Undergrad: 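First the structure, then my questions, so here it is.
Keep in mind that this is a model prediction, so the values were computed, not measured. Throughout, a chain's letter reflects where its sequence line sits, starting with A, and its residues are numbered from 1.
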Amino acid sequence: MYAQVVVDVPSKQTNRPFDYVVPEELRTWIGVGSRVGVPFGPRTLQGFVVALSERTDMASGKLKKIEQVLDLVPPLNPELVQLARWMSRTYICHEITALQAMIPGALKAKYEKRIELADDAELKARKRADAQDGGQALLFAASPEEEAISAFVRQKGQVTTEAMLARFPEAGPLLKRMLEQGTFVEVQTVRDRMNAKTALFVAPAASPEELTAHSMKLPANAKRQKELLLWFAENLEPLPLAELTDKLDVGAGTVKALADKGLLSVTERELFRDPYAGREFRRTTPLALTPEQRQALEPVADTLERREHGVFLLHGVTGSGKTEVYLQAIQQCLDQGREAIVLVPEISLTPQMVERFKGRFGSAVAVMHSRLSQGERYDEWRKIVLKRVSVVIGARSAVFAPFDRIGLIIIDEEHESSYKQEESPKYHARDVAVERAAYHGAAVVLGSATPSLESYAKASGRLGSGAAGRYRLLTMAERVEGRPLPAVNVVDLREELKAGNRSMFSRGLYEALGQRLERQEQSVLLLNRRGYSTFVMCRSCGFVVQCPHCDISLTYHQVSRTMRCHYCGFSQPEPATCPSCESEHIRYFGTGTQRVEEELAKLFPGIRVIRMDVDTTSEKGAHERLLNRFRDRQADVLLGTQMVAKGLDFPDVTLVGVIAADTVLHLPDFRAAEKTFQLLTQVAGRAGRHRLPGEVFIQTYTPDHYSIVTASAHDFGAFLEQELDIRRQRGYPPYYELVLVTLSHEQVPLLVRAGEAFASRLKQCWEHERRGRGPGYPADSLGHLNDARGDGAYFEVYGPVASPIPRIKDRYRFQCMIKYRGNVDVAGMLAETAAAFDDTVRNDKLTISMDVNPQVLM
DNA sequence: AGCACGCCGACT
DNA sequence: GTCGGCGTGCTC
């Protein structure tokens with residue numbers, strides 16, 4: 001049998017399967033999706049089996065053998081292998097990169113070089129050859145040091161270079177010589193980063209009757225053995241040894257004695273590091289659905305029932321009870337014997353959320369998120385591979401859960417940009433989910449109070465596409481129990497300034513905050529910017545302190561009194577005088593969360609504030625701890641960046657304040673208005689979710705902007721109409737698809753030339769394609785956007801131009817934007833262009849990155 | 001990605 | 001005349 005293996009080398013030339021012989025003894029362990037160690041050139045690499053066959057095109061004499069199988073149960077399955085192929089084409093990445101993204105980091109290959117004594121025969125042969133060569137035999141007269149080292153290696157069998165140098169610190173050069181001479185050979189092995197944790201389990205090895213019978217025959221002094229046997233006569237379940245010795249107060253010796261007699265069995269079993277061990281989850285039962293909820297659930301249930309593929313967009317206002325709909329759909333899916341995946345944005349994967357799922361489905365749930373340790377993550381993932389669970393709830397990468405009977409995939413807060421991975425493979429979990437669901441005949445539910453325009457357009461049929469690829473729209477417009485949406489006050493900060501208020505709090509928000517303190521209710525404050533102030537400028541000469549490695553201004557952090565770069569992490573002490581003109585008139589501009597915290601303390605002495613941003617939540621468990629403190633009413637105000645806007649549900653929160661609604665609005669991003677609308681709607685939804693009514697203050701310098709007006713009126717429809725109009729006019733998604741190609745290099749001139757070359761090649765590629773299709777395609781861009789004839793396909797390359805952040809980590813960046821629509825194989829054209837480009841502009845230091853459907857145009 | 005093979009400059 | 005630069009090509 002032969003296997004096709006994709007090896008762990010992400011390069012253009014190795015981006016294809018290589019053939020290997022499957023040794024007879026490994027056959028039962030190898031399947032499509034197995035992780036294997038294979039010889040590749042001079043070394044051993046990790047690889048994934050992507051196909052098995054009885055035949056090969058290669059002269060079989062040339063084939064090498066698979067050396068080892070890395071897992072007893074293949075970590076991937078044929079469907080995921082196929083999905084990796086799809087991803088590599090769709091997102092233009094190496095196949096191995098897609099495959100690697102599907103397994104937990106713990107299984108990333110770890111290569112280890114070890115030294116062992118050369119085979120005797122081989123060594124003798126080399127000696128003979130050398131002697132004939134000119135009699136260098138003298139070299140082989142081993143010195144005492146050599147003898148010592150050889151003895152060490154012989155004794156250990158194999159040693160790593162590190163272990164060797166730890167024992168013989170001076171032996172570096174000698175070791176090298178001995179390797180050259182052939183006394184030692186280097187071998188490379190693939191190892192896992194992670195080992196499953198195991199423990200010894202004890203179980204009865206005979207029937208209860210036999211155990212009881214034996215216990216009678218035991219000598220009178222074998223009291224402990226007797227006790228143990230009688231216990232196992234009643235308890236048939238295997239038990240960890242440690243727990244047993246603890247519980248029954250018997251020694252391991254007693255167990256062993258009985259095991260030797262064949263009455264008990266002791267086996268090694270995998271233990272799972274359960275991050276939620278020892279936590280009680282209150283069992284919940286399905287709630288009675290509101291008519292709206294029932295109406296939303298019904299079509300999903302129907303699709304599940306028929307085991308058909310279908311995508312639903314569940315548009316439900318904040319507090320409308322989407323989660324209960326998810327839970328009941330999942331229940332039905334499980335009842336069918338199928339599996340479910342629930343995706344949640346990283347920051348809203350809070351204990352509250354986990355609790356709701358664990359509470360309903362108990363131990364059938366695996367949880368995957370980045371705050372788990374590598375070991376915990378690996379164990380949760382093992383539960384999926386070993387079929388111990390049938391529900392996974394997790395962040396983006398959980399979409400790759402290695403299930404093989406998927407019935408339902410839920411994507412909560414589907415508009416969240418964190419579903420897009422910003423590193424290669426730059427996939428969008430929403431698209432991957434739809435692809436997987438199509439394979440499995442599964443349903444997808446995209447849920448949001450503020451759907452992405454892409455999804456909404458697909459659901460409303462606005463793109464004019466046929467039934468194919470169309471999502472079905474489900475709407476829930478009311479909050480459960482008819483609670484009203486909070487009243488929203490938009491505060492014009494310009495008016496505040498005119499009235500002489502230069503504080504960051506408007507009079508309205510200030511008063512409202514004071515009221516909540518009096519009434520002992522809680523408030524949430526949002527400022528979408530961490531740190532203390534955004535930039536530091538000299539008022540004498542206008543100098544702005546910038547990162548020396550990135551073209552971006554540094555942010556001042558009060559606590560550490562440092563200036564930090566939010567892109568590369570560079571930090572330096574705050575300047576006392578202007579680095580440029582040495583003036584002392586340095587001023588801090590803009591407001592960050594730290595600054596607001598300070599201001600609150602000044603205005604409301606004794607106020608208890610919890611600040612939540614990346615700086616205070618980087619520690620493990622910090623996020624949860626802060627939220628618990630807030631829930632337990634140990635604070636009056638929860639102040640934070642966007643992480644306070646999502647999914648939180650605290651009954652006593654009656655006030656939400658947005659310090660500056662414009663921060664996102666003016667970014668050079670075509671989604672700026674959409675993001676602003678979403679953020680405001682989401683954060684407003686945190687108020688008044690329970691008994692007490694809520695109130696919202698939005699502070700802004702642009703109160704008339706449609707995103708702010710519509711968000712304050714809770715009017716998604718109005719926002720949508722306006723935004724879609726603008727997108728159509730400007731040629732942006734959802735009407736047009738984008739691909740962002742970014743080139744980076746240390747030198748600008750080379751980069752400019754490369755960019756031009758890339759763009760013109762790509763244009764040629766399209767010209768060729770276009771001519772093949774005949775006339776009817778507009779050649780120019782914006783003026784002709786709606787004029788596409790023929791099959792309506794359109795394609796245009798913009799740029800190259802310098803990227804919005806022209807330099808990051810000392811590398812300059814240029815980008816080309818590709819806009820297209822209709823039946824254009826852009827991925828194919830890009831792959832072709834990149835290949836041709838590689839052949840002509842060969843330069844290892846030039847990197848080209850492609851972002852299909854980019855979320856951020858940086 | 002590594003690593004070997006192969007063809008042109010500054011040194012013993 | 002050699003050591004070594006990294007351009008080019010290959011890995012089942």
Side-chain angles (χ1 to χ4, degrees), chain A residues 1-24 26-27 30-70 81 84-85 88 92-101 103 105 107-115 126 133-134 160-161 173 176-177 179-180 182 184-191 193 423-425 744-747 750 753-754 757 811 834-849:
Chain A
M1 186 160 57
Y2 303 98
Q4 296 204 298
V5 176
V6 172
V7 295
D8 187 18
V9 181
S11 83
K12 186 194 145 211
Q13 288 172 307
T14 50
N15 190 29
R16 63 185 178 86
F18 288 83
D19 290 350
Y20 288 88
V21 172
V22 180
E24 193 56 41
L26 295 182
R27 280 176 88 138
I30 287 185
V32 171
S34 285
R35 214 164 45 107
V36 291
V38 291
F40 194 70
R43 50 211 174 121
T44 298
L45 293 178
Q46 188 193 75
F48 289 90
V49 175
V50 295
L52 287 169
S53 64
E54 291 302 328
R55 301 190 43 152
T56 173
D57 308 337
M58 289 278 289
S60 56
K62 275 190 181 174
L63 291 184
K64 294 186 182 176
K65 280 195 257 180
I66 288 180
E67 262 169 29
Q68 43 177 337
V69 185
L70 270 17
V81 167
R85 172 72 54 84
S88 72
I92 317 161
C93 67
H94 299 121
E95 211 168 322
I96 189 66
T97 312
L99 289 162
Q100 297 283 22
I103 56 168
L107 294 185
K108 293 266 153 64
K110 185 173 134 193
Y111 298 104
E112 204 170 57
K113 274 193 179 159
R114 290 164 166 268
I115 293 155
R126 285 194 63 155
D133 251 18
T160 61
T161 320
K176 198 173 164 224
R177 216 162 57 231
L179 277 166
E180 280 161 8
F184 296 142
V185 288
E186 241 179 345
V187 288
Q188 196 188 32
T189 50
V190 188
R191 275 198 42 200
R193 233 171 258 268
E423 307 84 51
S424 184
S744 80
H745 192 270
E746 289 169 0
Q747 288 156 30
L750 189 145
R753 259 181 286 132
R811 295 177 63 87
F837 192 76
D838 258 14
D839 292 339
T840 46
V841 192
R842 49 201 179 294
N843 187 324
D844 292 347
K845 289 180 179 158
L846 178 77
T847 60
I848 306 178
S849 117

Undergrad: Which whole-number value in Å describes the distance from A:Lys12 NZ to C:dT8 C1'?
TA: 12 Å
Undergrad: Working note: A:Arg753 + A:Gln747, criterion side-chain contact (heavy atoms from CB on, under 4.5 Å); need CA distance, chi angles, decisive distance, verdict.
TA: CA-CA 11 Å; A:Arg753 259 181 286 132; A:Gln747 288 156 30; over 6 Å; no
Undergrad: Determine which pairs satisfy ring pair (Phe, Tyr, Trp, His ring centres under 6.0 Å) with at least one residue from residues 35-60 of chain A, sequence neighbours left out, and list them in order.
TA: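 Applying ring pair (Phe, Tyr, Trp, His ring centres under 6.0 Å) to every pair that reaches into residues 35-60 of chain A, excluding sequence neighbours, yields A:Phe18-A:Phe40.
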Undergrad: Taking only residues two or more places apart in sequence, or in another chain, which ones meet A:Arg16 in a side chain to side chain donor-acceptor pair (under 3.5 Å)?
TA: none
Undergrad: Does anyone know the first and last nucleotide of DNA chain B in reach of chain A, 5' to 3', at under 4.0 angstrom to a heavy atom?
TA: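 With heavy atoms of chain A under 4.0 Å away, the range is B:dA1 to B:dC3.
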Undergrad: Per the salt bridge (Lys or Arg N to Asp or Glu O under 4.0 Å) rule, what does the pair list look like for residues 37-54 of chain A, sequence neighbours excluded?
TA: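 Passing the test, one end in residues 37-54 of chain A: A:Arg27-A:Glu54.
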Undergrad: Whole angstrom is fine here: how far is it from CG in A:Leu52 over to P in C:dC12?
TA: 19 Å
Undergrad: May I have the distance from A:Asp8 (atom CG) to C:dC12 (atom P), rounded to whole angstrom?
TA: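 Atom-to-atom, A:Asp8 to C:dC12, this comes out as 15 Å.
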Undergrad: Expressed as a whole number of angstroms, how long is the span from A:Phe18:CZ to C:dC12:P?
TA: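 The answer, rounded to whole Å, is 7 Å.
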Undergrad: Counting the atoms with a prime plus P, OP1 and OP2 as sugar-phosphate, which does A:Gln13 contact under 4.0 Å by heavy atoms, base, sugar-phosphate, or nothing?
TA: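 Answer is base: heavy atoms of A:Gln13 come under 4.0 Å of a base.
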Undergrad: Which stems does DNA chain B form, counting runs of 3 or more consecutive Watson-Crick or G-U wobble pairs with both distances under 3.5 Å?
TA: B:1-11 with C:1-11
Undergrad: Between A:Lys64 and C:dC12, does any side-chain N or O lie under 4.0 Å from OP1 or OP2?
TA: yes
Undergrad: I'd like to check the side chain to side chain donor-acceptor pair (under 3.5 Å) partners of A:Glu423; sequence neighbours left out, ordered by chain and number.
TA: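 None.
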Undergrad: Taking only residues two or more places apart in sequence or in another chain, which ones pass side chain to side chain donor-acceptor pair (under 3.5 Å) with A:Thr44?
TA: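 A:Thr44 satisfies side chain to side chain donor-acceptor pair (under 3.5 Å) with A:Glu67 only.
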Undergrad: Calculate the interatomic distance between A:Arg16 atom CZ and C:dC12 atom C1'; express it in whole Å.
TA: 7 Å
Undergrad: Going by side chain to side chain donor-acceptor pair (under 3.5 Å), name the residues that satisfy it together with A:Ser849, two or more places apart in sequence or in a different chain.
TA: A:Lys426
Undergrad: Given atom CG of A:Asn15 and atom P of C:dT11, what is their separation to the nearest angstrom?
TA: 16 Å
Undergrad: Counting any heavy atom closer than 4.0 Å, what does A:Tyr20 reach on the DNA or RNA strands: base, sugar-phosphate only, or nothing?
TA: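 If one applies the 4.0 Å heavy-atom cut-off, A:Tyr20 turns out to touch the sugar-phosphate alone, with no base involved.
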Undergrad: I'd like to check the ring-ring contact (aromatic ring centres under 6.0 Å, His included) partners of A:Tyr2; sequence neighbours left out, ordered by chain and number.
TA: none
Undergrad: Measure the distance from NZ on A:Lys62 to C1' on C:dC10 and round it to the nearest whole Å.
TA: 11 Å
Undergrad: Select base, sugar-phosphate, or nothing to describe what A:Pro17 touches, counting heavy atoms under 4.0 Å on all strands.
TA: nothing
Undergrad: Checking A:Arg35 side chain against A:Leu107 main chain: does a donor-acceptor pair fall under 3.5 Å?
TA: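 Such a contact is found between A:Arg35 side chain and A:Leu107 backbone.
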